[in-house]
Amino acid sequence: MIISVRNFDYEMLKKELRFEDKIVIFSCNNCAKKCNGLGGRPGMNSLGDKLESDGFNVLHRELCGIACSLDLIRKRANEESTRGIFEEADVIIPLSCEDGEKALPVVFPDIRIIKVTKTLGIGWGSPKEGVRLTTPLAGVDLKIDSPQGITIDEAADRLGMFAGGF
Amino acid sequence: MGALTRQRTMDDIVKELDPSERLAVISCNNCVKISGAGGEGVWEGFCDDLEKRGFRVEDRVLITNPCSRGYFENLMLSPVVKTVVMLACEGAQNGFKTVFPNIRLVAANETLGLFVASKADGVVKLAMTFPGYENLKNTEFKLKDTKTILEGEKIRLVD
């Protein structure tokens, strides 16, 4: 399971947006959903509702099974039900790991992608104990020396970032 | 989804095993399948190969998504099994260790980093790396075969 947190809080995100932007929220429904609701439907709707209530133009909320699959992103660019939406969009906000954030510009090179997440590494999740980061990526300044790992909240705290959804 | 793994050679793996012990082989059936380092279609042959080499595989277990530790919390291994060989990423391996601290775990795979994959392009690309594998960042591997590095670049990622 890929463990990601946010490097943006909501106020920081708003500063990246203009009211005239046509925004698509692109939410991964796999690992990111399990990261305390960063992605998935809850993360997508939480952010979408906040932005709309603050007057931003959320053109579309797109849920993607796994955002690290280029094929699934391409499908959205090509299929009739979503093609027009992505042609019209100015901004995509990915609620996914950085793999998803890196994959989106491959398919949508002319749309501004706001990278709001930081991927820390991998770990495991349990209904009993929540999601635990055990194996940080290169360049992530966290030392973890137990298979028990650390919680997402602890990882985010140590790095000065934000856990879970907006 | 997302962890790119590569299977160690069988010769290396068996150096860590004792032919007198009874083993369980546990495989993930998610990300490792994208890498060709485990999962349905690989795990069965891996077990057969071990047995051909004289090892006794007592339990063969295929788990949809073992980094969701609940699968391990409900797993019943044969009592004679003291060593597990695992075809999964390090996240799943660590989850296993917390549930079965007294069972020795032998990793059949190394975890290189995180991938972006495309079946259409036949590529699994190493987008982010774990320590020790930084030199392989942005390497493209053949889909379902991370022992094969592809020439050229089919997927250009933007950092």
Side-chain angles (χ1 to χ4, degrees), chain A residues 1-4 28-32 34 64-75 78 96-109 113 115 118-140 142-149, chain B residues 1-5 28 30-31 34 65-74 88-101 105 111-138 143 153-159:
Chain A
M1 182 183 303
I2 298 177
I3 314 289
S4 301
C28 177
N29 203 29
N30 197 354
C31 307
K34 297 165 190 165
C64 182
I66 43 171
C68 54
S69 165
L70 263 183
D71 299 347
L72 290 182
I73 299 174
R74 286 181 178 134
K75 191 175 173 192
N78 296 324
S96 69
C97 71
E98 287 185 67
D99 281 353
E101 289 183 340
K102 287 170 188 280
L104 280 161
V106 175
V107 181
F108 303 112
I113 313 286
K115 296 181 176 180
K118 172 74 179 169
T119 296
L120 304 181
I122 59 174
W124 52 266
S126 152
K128 290 179 186 169
E129 296 189 46
V131 173
R132 318 280 302 196
L133 172 70
T134 63
T135 313
L137 286 161
V140 172
L142 289 171
K143 186 168 167 50
I144 300 169
D145 50 14
S146 156
Q148 191 65 28
Chain B
M1 272 293 184
L4 194 150
T5 48
C28 169
N30 198 353
C31 306
I34 305 293
N65 190 23
C67 58
S68 291
R69 202 189 66 173
Y71 287 103
F72 290 137
E73 291 163 8
N74 291 300
C89 73
E90 269 191 47
Q93 292 167 25
N94 281 316
F96 179 86
K97 288 175 188 171
T98 63
V99 178
F100 296 99
L105 188 142
T111 308
L112 280 59
L114 307 181
F115 66 66
V116 170
S118 167
K119 192 175 176 183
D121 294 325
V123 168
V124 54
K125 180 162 186 150
L126 186 61
M128 305 179 77
T129 57
F130 288 109
Y133 299 101
E134 292 92 334
N135 62 324
L136 291 174
K137 188 177 177 187
N138 286 324
L143 193 75
E153 186 176 48
K154 288 193 177 178
I155 301 169
R156 177 150 298 181
L157 299 178
V158 180
D159 270 326

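Chain letters run A, B, ... following the sequence lines, proteins first, then strands; residues in each count from 1.
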Side-chain contact, heavy-atom cut-off 4.5 Å: [X] with [Y]?
| X | Y | answer |
| --- | --- | --- |
| A:Pro147 | A:Thr134 | no |
| B:Ser118 | A:Arg74 | yes |
| B:Thr129 | B:Leu112 | no |

* **Among the listed options A:Gly149, A:Gly123, A:Gly121, the residue most often paired with chain B at heavy-atom distances under 4.5 Å** =>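 Top count of heavy-atom pairs under 4.5 Å with chain B: A:Gly123.
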* To do: Select, from A:Ser146, A:Pro127, A:Ser126, the one with the greatest count of heavy-atom pairs under 4.5 Å involving chain B.
  =>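 Heavy-atom pairs under 4.5 Å are most numerous for A:Ser126.
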* To do: Side chain from CB out, backbone as N, CA, C, O: work out which of these in A:Pro136 comes under 4.5 Å of a heavy atom of chain B, or both, or neither.
  =>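 Just its backbone gets close to chain B.
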* For A:Arg132, is it the side chain, the backbone, both, or neither that has a heavy atom closer than 4.5 Å to a heavy atom of chain B? ->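 Contact with chain B is absent: no heavy atom of A:Arg132 under 4.5 Å.
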* Show your working on side-chain contact (heavy atoms from CB on, under 4.5 Å) between B:Leu4 and B:Tyr133 and close with a plain yes or no. => CA-CA 11 Å; B:Leu4 194 150; B:Tyr133 299 101; over 6 Å; no
* To do: For chain A, find which of B:Lys119, B:Lys137, B:Arg156 contributes the most heavy-atom pairs closer than 4.5 angstrom.
  =>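 With the most close heavy-atom pairs to chain A, the winner is B:Lys119.
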* Looking at B:Ala127, B:Ala117, B:Ser68, B:Ala120, which one has more heavy-atom pairs under 4.5 Å with chain A than the rest? ->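 When all of B:Ala127, B:Ala117, B:Ser68, B:Ala120 are compared, B:Ala117 has the most.
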* **Check: A:Ala67 main-chain N/O paired with A:Ser96 side-chain donor or acceptor under 3.5 Å** =>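 Flag not set: sc A:Ser96 to bb A:Ala67 has no pair under 3.5 Å.
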* To do: State which residue, out of A:Asp99, A:Asn30, A:Asn29, A:Asp71, fulfils the side-chain contact (heavy atoms from CB on, under 4.5 Å) condition with A:Ile66.
  =>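 Of all the options given, the one that passes is A:Asn30.
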* Atom group of B:Glu73 that falls short of 4.5 Å from chain A, counting heavy atoms ->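 The side chain, not the backbone.
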* Against chain A, label B:Glu90 side chain, backbone, both or neither, depending on which of its atoms sit under 4.5 Å from a heavy atom there. =>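 Answer is both: backbone and side chain atoms of B:Glu90 are under 4.5 Å from chain A.
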